[in-house]
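To start, the structure itself, in structure tokens.
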Amino acid sequence: MMITLKLWGHFPQFLPDGAEGYAAEVEVPDNATAREIAELFGVPFDECRLMLLNGITHPSPPVWGDIRLKEGDAIAILPNIH
């Protein structure tokens with residue numbers, strides 16, 4: 001399935017080639033969780049703090065990590081801020 005992946009802070013380095021700025025259209029397995037998508041692209045899940053799914057903020061990684069995405073979703077992942 002195709003989704004939009006947006007990575008902020010120091011995470012854009014994990015976006016695939018061809019990404020524009022902080023975002024890329026990516027293909028991921030059907031029904032993948034947010035955690036699986038982060039791991040698929042090498043984003044260190046233990047450094048994740050916030051996720052926005054289609055513009056709605058989810059602040060607790062243990063909770064949002066298990067959210068399953070669907071075709072056309074947009075996910076933004078932000079790191080911890082030190």
| task | Could you pull out all residues at least two apart from Leu52 that satisfy side-chain contact (heavy atoms from CB on, under 4.5 Å)? | result |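 So Leu52 forms a side-chain contact (heavy atoms from CB on, under 4.5 Å) with Thr57, Ala76, Leu78.
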Considering non-hydrogen atoms only, spot the tightest contact between [X] and [Y] and give its length.
X	Y	answer
Val26	Pro16	CG1-CG, 3.8 Å
Phe14	Gly42	CE2-O, 3.2 Å
Ala23	Leu15	N-CD1, 3.7 Å
Gly9	Pro79	CA-CG, 3.9 Å

Does [X] reach the side chain of [Y], with side-chain heavy atoms less than 4.5 Å apart?
X	Y	answer
Glu36	Arg68	yes
Val28	Leu69	no
Trp64	Ile77	yes
His58	Val63	no

Do [X] and [Y] share a hydrophobic cluster, counting only Ile, Leu, Val, Met, Phe, Trp and Tyr and linking them when any side-chain heavy atoms are less than 4.5 Å apart?
X	Y	value
Leu40	Leu53	yes
Ile67	Leu7	yes
Leu50	Leu5	no

| said: For residues 16-29, which residue pairs pass the side chain to side chain donor-acceptor pair (under 3.5 Å) check, not counting sequence neighbours? | reply: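 Non-adjacent pairs meeting side chain to side chain donor-acceptor pair (under 3.5 Å): Thr4-Glu25.
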| query | Which residue pairs pass the side chain to side chain donor-acceptor pair (under 3.5 Å) test with at least one member in residues 37-56, sequence neighbours excluded? | reply |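 Matches after skipping sequence neighbours: His10-Glu47, Asn54-Asp73.
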| task | Can you measure from CD1 (Ile3) to CD1 (Ile37) and round to the nearest 0.5 angstrom? | result |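 Taking CD1 in Ile3 and CD1 in Ile37, the distance rounds to 3.5 Å.
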| message | Let me confirm one number: the CG-CD distance from Asp30 to Glu71, rounded to the nearest 0.5 Å. | response |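 Those atoms lie 7.5 Å apart.
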